[in-house]
Amino acid sequence: MIDLKALRKNPERFITGAEQKGVDVDIPRLVELDAQIRALKAEQESLRAEQKALSKKSGFFIGDLMKKINNPTCPESRKAEYQAEVKEIKSAPAALKAQIQQLDEQIATIEPEVTTIHLGIPQPADADVPVGKSADDNIERSTWAPDWWDKNKSFQANKGFKPRTHIELCAMHNLVDYPRGVKIAGSRSYILTGDGMRLHQAILRYALDTMVNQNGFKPMSVPVLVREEAMIGTAFFPGGKDQAYEVNETARGGGHDMYLTGTGEVGLMGIHQDEILDEADLPLKMVTVSTCFRREAGAAGKDTAGLYRIHQFDKVEQVIIDVADEATSRKHHQTMMGFVQSLLQTLQLPHRLLQCCTGDLGTKNADMIDIECWMPGRGDEDDSGTPTGDYGETHSASRLYDYQCRRLNMRYRQGGDAGKGPTTICHSLNNTVAASPRILIPLLEMHQNADGSINIPVPLQPYMNGQEKIS
RNA sequence: GGAGAGGUGGCCGAGUGGUCGAAGGCGCGCCCCUGCUAAGGGCGUAGGCGGGUAACUGUCUCGAGGGUUCGAAUCCCUUCCUCUCCGCCA
């Protein structure tokens, strides 16, 4: 959610920002309605002030008269007299009341539209984010590959044999059971079996442990079934509503519909919703591992085979909540990406950093860097029917300034809730640490041997009881 | 699922229709007093929105939403949440 004060001051900035992100939102309309609503409220407030003053002045008189009237010993003739007096005293505030109510109605007709437009305005991208329409306009910033891999050569040229896709490798070693997954849960479902499940757990645990033990993040277990407020607060709703599974509890008499989260970010960011944090406690660095649910609406037919695009997966997610300072936010962004890069390096996975263009940022981000791993089984096939490989997104690092925390009403100041001085809305960032089973794709494909066996990267071996190979 | 109790400021806790944004206590901050640690005294201590360069000021908020009333923390309705007991249960 953007700052309305900032909008009043400089609507052009937000209009341009929305255009660059390809978001259709009527900002001039909001500016107009905002002015209207403020004028109405100002008028209403002055009426209220008058009403209150009158009420304070006459309250005791009325109370006193009412007591006399209600007294059984009061003669009827006096009662009528008192009643007339009460009626007169009441007439002035009563008239104000009607006016106030009328203004209330006017405000109520405008307010929903204001809220709808307000929530729909995207955070303008930072000036250094390239302007573009779609993922095609994203820009590669850097690449990394282990010594034994030359990214300019084919898989065969690098390793001396043709690659099997992760689908073939999974079938070969019984790592995944797709048909039974589909039987249970429908398309895009799967069952990790045996070493598949072990490897999945190993990478998650390795990622979590690294963040906690080496990088100082606090591990959290958070709800994945949440209220709509949490989805709106974290800015996934209203825009992404069709991407989330809905648990329709109201239809069966429950209090609230619930939603399954598509990322642990929702739970982590929701923790301190509506709180005033102590500046001394910042930054908050938290990590969670959670199951993520995504409907993948609109992706029909895309990446249907394998583990790439699925409805349910597990993800280790990192977030940082800190003071409202651009330089600090930018620094955190780099640091968080650094954690991912070194993780991928220890796993010997070639990858690149991709600067997302304005059109690919999503509404809430001022900046977003995707990290993509090289997946030999993706991409076009050559003449012999062998895939030529391609990068596939495995991580996404977002920088949001105060856009998300404003919605969450998450603030900080000296001394926290009981402290003094002005409150400031926090800045937030989030970044994938590892999402599995998608990360298994490059892991299996890059570490396969000519005979189809798969080397388990050294850091994961302790999590697999010392096992070095899947064969 | 059944029965009951309750939601007030950072915390505890008063307040059942009128000057209550809310007594009192704790905590916290500043100051004073006091020659050791301790104790005492004074003042100050909610957030949002709007207006003002500012001092300041208007308004809203006592779980949430709605209603009654000239006036609601206080009355009515709805709802959410928490706690206790029973049942069930990973």
Side-chain angles (χ1 to χ4, degrees), chain A residues 1-9 30-31 33-70 82-108 110-112 114-115 118 221 223-230 232-233 247 249-259 270 272-281 291 402 405-426:
Chain A
M1 179 159 62
I2 60 146
D3 183 2
L4 274 182
K5 284 180 196 158
L7 177 74
R8 284 172 205 145
K9 218 181 275 176
L30 178 63
V31 172
L33 290 174
D34 174 61
Q36 274 181 32
I37 219 164
R38 278 194 302 152
L40 290 170
K41 279 188 175 166
E43 194 184 340
Q44 197 187 35
E45 278 180 17
S46 69
L47 288 171
R48 279 227 172 88
E50 204 179 325
Q51 185 191 35
K52 264 185 123 166
L54 276 172
S55 185
K56 279 187 181 178
K57 230 192 281 177
S58 58
F60 268 141
F61 290 117
I62 295 173
D64 200 42
L65 289 167
M66 291 309 285
K67 269 179 213 154
K68 285 181 184 164
I69 291 167
N70 291 326
Y82 292 147
Q83 259 154 1
E85 226 176 301
V86 168
K87 198 178 168 192
E88 200 196 316
I89 299 174
K90 278 186 181 177
S91 62
L96 288 172
K97 190 188 176 181
Q99 290 180 53
I100 290 167
Q101 272 173 345
Q102 205 203 335
L103 287 168
D104 248 341
E105 280 162 30
Q106 286 184 50
I107 291 168
I110 300 175
E111 212 145 44
V114 168
T115 307
H118 190 186
S221 166
V224 296
L225 182 64
V226 303
R227 293 235 185 130
E228 187 173 17
E229 288 77 17
I232 292 172
V247 180
E249 279 292 295
T250 51
R252 55 167 10 193
H256 283 280
D257 286 342
M258 305 288 281
Y259 297 87
H272 296 289
Q273 179 164 7
D274 290 320
E275 289 182 25
I276 299 171
L277 303 166
D278 189 340
E279 187 170 354
D281 292 336
T291 304
D402 65 3
C405 291
R406 185 183 304 281
R407 288 195 185 211
L408 288 163
N409 194 27
M410 195 192 302
R411 293 159 293 167
Y412 69 93
R413 74 173 161 204
Q414 288 283 336
D417 220 351
K420 275 188 150 187
T423 60
T424 312
I425 296 172
C426 301

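Protein chains get the first letters and strands the later ones, always in sequence-line order, with residue 1 at the start of each. Since we're looking at a predicted model, the values are computed, not measured.
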Determine the sole option in A/Gln99, A/Gln102, A/Lys52 for which the side-chain contact (heavy atoms from CB on, under 4.5 Å) test with A/Leu47 is passed.
->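 Going through A/Gln99, A/Gln102, A/Lys52 one by one, the side-chain contact (heavy atoms from CB on, under 4.5 Å) with A/Leu47 is satisfied by A/Gln99 alone.
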Looking at A/Val114, A/Leu7, A/Ile110, A/Leu4, which one forms a side-chain contact (heavy atoms from CB on, under 4.5 Å) with A/Asp34?
->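 The passing option is A/Leu4.
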Separation between the [atom1] atoms of [N] and [M], rounded to whole Å:
N	M	atom1	answer
B/rC49	B/rG44	P	26 Å
B/rA73	B/rA23	C1'	14 Å
B/rU82	B/rC32	C1'	44 Å
B/rG10	B/rC80	C1'	24 Å
B/rG1	B/rU8	C1'	32 Å
B/rU34	B/rU16	C1'	47 Å
B/rC60	B/rG6	P	29 Å
B/rG7	B/rU61	C1'	16 Å

Partner nucleotide, any strand, of [N] [Watson-Crick/G-U, under 3.5 Å]:
N	answer
B/rG4	B/rC83
B/rG9	none
B/rA54	none
B/rG40	B/rC32
B/rG27	B/rU45
B/rU19	none

Using atom [atom1] of [X] as one end and atom [atom2] of [N] as the other, report the distance to the nearest whole Å.
X	N	atom1	atom2	answer
A/Glu228	B/rC80	CD	P	15 Å
A/Lys97	B/rU68	NZ	P	6 Å
A/Ile100	B/rC70	CD1	C1'	11 Å
A/Glu229	B/rC80	CD	C1'	10 Å
A/Glu275	B/rG10	CD	C1'	12 Å

Rounded to the nearest 0.5 Å, what separation is found between the [atom1] atom of [X] and the [atom2] atom of [Y]?
X	Y	atom1	atom2	result
A/Leu103	A/Leu40	CG	CG	6.0 Å
A/Gln273	A/Leu408	CD	CG	5.0 Å
A/Glu279	A/Cys426	CD	SG	9.5 Å
A/His118	A/Arg407	NE2	CZ	8.5 Å
A/Gln36	A/Gln106	CD	CD	9.0 Å
A/Glu43	A/Arg48	CD	CZ	12.0 Å

Nucleotides 47-63 of chain B: protein proximity per nucleotide (B base, S sugar-phosphate only, - neither; heavy atom, under 4.0 Å) | SS-SS------BSS---
